[in-house]
Amino acid sequence: MRTPDDAIALRDYIENNHCRSAVVAGGGFIGLEIAENLLSKGLKVTVVDMADQVMPNLFDTEMAAYIRRS
């Protein structure tokens with residue numbers, strides 16, 4: 001997701017193909033923002049990241065565990 005046009009294209013793809021689930025690669029700020037928006041569209045979302053937790057430089061392990069359960 002690099003431009004507003006990317007977001008529009010993704011939204012159109014989801015609507016035109018009746019998507020029910022999505023995988024977001026990256027648990028940083030942008031990845032979590034995308035995941036939140038996909039969830040609001042009713043999709044089942046899985047976030048994958050190479051780090052042990054989402055946003056390790058911002059969240060402590062307790063907060064990251066809470067996000068993981070959500």
Side-chain angles (χ1 to χ4, degrees):
M1 202 64 54
R2 298 196 189 281
T3 68
D5 288 337
D6 292 341
I8 292 167
L10 178 60
R11 182 192 63 206
D12 292 345
Y13 182 88
I14 290 167
E15 291 173 359
N16 293 334
N17 292 283
H18 310 289
C19 297
R20 297 180 300 180
S21 62
V23 174
V24 176
F29 181 77
I30 293 173
L32 295 180
E33 189 76 21
I34 293 167
E36 179 184 29
N37 283 287
L38 293 170
L39 283 168
S40 73
K41 289 283 201 186
L43 277 73
K44 179 181 178 224
V45 179
T46 301
V47 177
V48 295
D49 195 285
M50 289 177 49
D52 291 338
Q53 70 177 54
V54 295
M55 299 184 73
N57 296 330
L58 183 61
F59 294 141
D60 61 17
T61 56
E62 186 177 325
M63 180 59 87
Y66 174 79
I67 293 168
R68 177 178 279 168
R69 291 188 301 268
S70 297

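Keep in mind the model is a prediction, meaning the values are calculated, not measured. What's counted below: heavy atoms across the whole structure, side chains too, no hydrogens, waters or symmetry copies.
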Quiz item: What pair of heavy atoms forms the shortest contact from L10 to M1, and how long is it?
Solution: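 Closest approach of L10 to M1: CD2-CE, 3.4 Å.
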
Test of understanding: with side chain to side chain contact (heavy atoms under 4.5 Å, CB included), list the residues that count as partners of [X], not counting sequence neighbours.
| X | value |
| --- | --- |
| N16 | D12 |
| N17 | Y13, C19 |
| D49 | A51 |

Exercise. Give the other cluster members for V23, using side-chain heavy-atom distances under 4.5 Å between Ile, Leu, Val, Met, Phe, Trp and Tyr residues; answer none if it is isolated.
Key: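 Hydrophobic cluster check, V23: joined to V48.
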
Just list the side-chain donor-acceptor pairs under 3.5 Å for residues 26-45, sequence neighbours left out, or say none.
{"from": "N37", "atom 1": "ND2", "to": "E33", "atom 2": "O", "distance (Å)": "2.8"}
{"from": "S40", "atom 1": "OG", "to": "N37", "atom 2": "O", "distance (Å)": "2.7"}
{"from": "K41", "atom 1": "NZ", "to": "E15", "atom 2": "OE2", "distance (Å)": "3.3"}

